[in-house]
Engineer: 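Would you mind keeping the following structure in view while I ask a few things?
Here the structure is a predicted model, which is why all the values come from computation and not from measurement. Counting begins at 1 with the first residue of the sequence.
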Amino acid sequence: MCGIAGLWDVHSHPNNLEQIAHTMLAAIQHRGPDWEGVASGPGWAVGNARLAIIDISGGNQPIWNEDKTIVIVGNNEIYNAPELRKKLEANGHRFSTHSDTEVALHGWEQWDTKLFEQLNGMF
């Protein structure tokens, strides 16, 4: 089971927040021993300690969308990810992994909060 971490502090420098996120992930490294990744920006940082189950070689997180405007970390298994992926690809979304988490990322872009009505899985 993966571990996720995140923080928001508009008064901190992104490098400081990124380091804090790495420290947070170190505390839960046992939940995701296969990969550690952090994404950050002005006033925020998110990270993932990954236990690789789906897309073992290519599903590392955080995952960004194509234009780097949305990022996702998750601890989930989306059972209907293959079906949702086909719908999203038909609508022009391009995937960089085979991860079910990336399906949620593009689903958010496509359907906003309506995404949650379509997901079948555990989070």
Side-chain angles (χ1 to χ4, degrees):
M1 179 173 289
C2 300
I4 58 174
L7 61 152
W8 178 272
D9 182 352
V10 296
H11 303 293
S12 290
H13 189 276
N15 291 341
N16 294 341
L17 296 178
E18 192 169 312
Q19 183 55 46
I20 293 168
H22 280 291
T23 301
M24 294 167 73
L25 291 173
I28 57 172
Q29 189 272 337
H30 61 282
R31 292 184 58 109
D34 298 323
W35 170 261
E36 177 184 304
V38 172
S40 64
W44 63 272
V46 294
N48 178 271
R50 182 169 186 239
L51 177 62
I53 297 173
I54 297 176
D55 193 6
I56 293 170
S57 64
N60 293 335
Q61 299 178 35
I63 302 171
W64 290 90
N65 66 342
E66 298 96 333
D67 61 4
K68 303 268 191 227
T69 57
I70 302 172
V71 66
I72 190 170
V73 294
N75 181 14
N76 50 260
E77 185 173 350
I78 301 171
Y79 306 136
N80 62 335
E83 295 82 10
L84 293 175
R85 182 183 177 116
K86 286 179 186 174
K87 289 181 185 180
L88 292 162
E89 288 175 331
N91 281 295
H93 292 271
R94 295 182 324 270
F95 287 78
S96 62
T97 75
H98 297 286
S99 166
D100 56 343
T101 300
E102 189 177 13
V103 170
L105 171 74
H106 292 289
W108 179 263
E109 286 183 296
Q110 183 70 36
W111 301 302
D112 200 63
T113 59
K114 299 277 186 200
L115 164 68
F116 302 113
E117 298 170 7
Q118 299 190 57
L119 293 176
N120 177 13
M122 60 180 175
F123 309 88

Engineer: Sequence neighbours excluded, which residues qualify as side-chain contact (heavy atoms from CB on, under 4.5 Å) partners of Pro82?
Structural biologist: none
Engineer: Go through the steps for Lys87 and Gln110 under the test side chain to side chain contact (heavy atoms under 4.5 Å, CB included), then give the verdict.
Structural biologist: CA-CA 10 Å; Lys87 289 181 185 180; Gln110 183 70 36; over 6 Å; no
Engineer: How long is the gap from OG on Ser99 to CG on Asn76, to the nearest 0.5 Å?
Structural biologist: 7.0 Å
Engineer: Sequence neighbours left out, what passes side-chain hydrogen bond (donor to acceptor under 3.5 Å, both in side chains) with Asp9? Give chain and number order.
Structural biologist: Ser12
Engineer: Hydrophobic clusters here meaning ILVMFWY residues chained together by side-chain heavy-atom distances under 4.5 Å, can you tell me if Trp8 and Val46 are in one?
Structural biologist: yes
Engineer: Applying salt bridge (Lys or Arg N to Asp or Glu O under 4.0 Å) as the test, list every pair that has at least one member in residues 106-123; sequence neighbours left out.
Structural biologist: Lys114-Glu117
Engineer: Under a single-linkage rule joining Ile, Leu, Val, Met, Phe, Trp and Tyr whose side-chain heavy atoms are separated by less than 4.5 Å, which residues share a cluster with Ile54?
Structural biologist: Leu51, Ile53
Engineer: Going by salt bridge (Lys or Arg N to Asp or Glu O under 4.0 Å), name the residues that satisfy it together with Lys68, two or more places apart in sequence or in a different chain.
Structural biologist: none
Engineer: Judged by atom type as modelled, is there a donor-acceptor pair below 3.5 Å linking the side chain of Asn75 to the main-chain atoms of Ile4?
Structural biologist: no
Engineer: In the hydrophobic clustering that connects Ile, Leu, Val, Met, Phe, Trp and Tyr at side-chain heavy-atom distances below 4.5 Å, which members other than Leu25 occupy its cluster, ordered by chain and number?
Structural biologist: Ile28, Val38
Engineer: Are Phe95 and Ile72 linked, directly or through other ILVMFWY residues, by side chains that come within less than 4.5 angstrom of each other?
Structural biologist: yes
Engineer: Just verifying a value: how many Å separate Leu17 CG and Leu7 CG, rounded to the nearest 0.5 Å?
Structural biologist: 5.0 Å
Engineer: Is there a path of hydrophobic side-chain contacts, each under 4.5 Å between heavy atoms, that joins Val73 and Val71?
Structural biologist: yes
Engineer: Could you tabulate the donor-acceptor pairs under 3.5 Å formed by side-chain atoms of residues 55-63, not counting sequence neighbours?
Structural biologist:
from  : atom 1 : to     : atom 2 : distance (Å)
Asp55 : OD1    : Gly58  : N      : 3.1
Asp55 : OD2    : Gly59  : N      : 3.4
Asp55 : OD2    : His98  : N      : 2.6
Asn60 : OD1    : Arg50  : NH1    : 3.0
Gln61 : OE1    : Asn48  : ND2    : 3.3
Gln61 : OE1    : Gly74  : N      : 2.6
Gln61 : NE2    : Thr101 : OG1    : 3.3

Engineer: Partners of Thr69 by side-chain hydrogen bond (donor to acceptor under 3.5 Å, both in side chains), sequence neighbours excluded?
Structural biologist: Asn65, Asp67
Engineer: By side-chain hydrogen bond (donor to acceptor under 3.5 Å, both in side chains), which residues pair with Thr23, not counting sequence neighbours?
Structural biologist: none
Engineer: Would you kindly confirm whether Met122 and Leu119 end up in one hydrophobic cluster when ILVMFWY residues are joined by side chain heavy atoms under 4.5 Å apart?
Structural biologist: no
Engineer: What's the shortest heavy-atom distance between Ala45 and Glu18, and which atoms?
Structural biologist: CB-N, 4.1 Å
Engineer: With sequence neighbours excluded, tell me which residues meet side-chain hydrogen bond (donor to acceptor under 3.5 Å, both in side chains) with Glu89.
Structural biologist: Arg85
Engineer: Could you grab the distance from atom CD of Glu83 to atom CG of Leu88, nearest 0.5 Å is fine?
Structural biologist: 11.5 Å
Engineer: Do any pairs count as a ring pair (Phe, Tyr, Trp, His ring centres under 6.0 Å) and have a residue in residues 57-93, sequence neighbours left out, and if so which ones?
Structural biologist: His93-His106
Engineer: Return the set of residues passing side-chain contact (heavy atoms from CB on, under 4.5 Å) with Ala81 (not counting sequence neighbours), or none when no residue passes.
Structural biologist: Ile78, Asp100, Val103
Engineer: Strictly distance-based, threshold 3.5 Å: is any side-chain N or O of Glu102 a donor or acceptor partner for the main-chain N or O of Thr97?
Structural biologist: yes
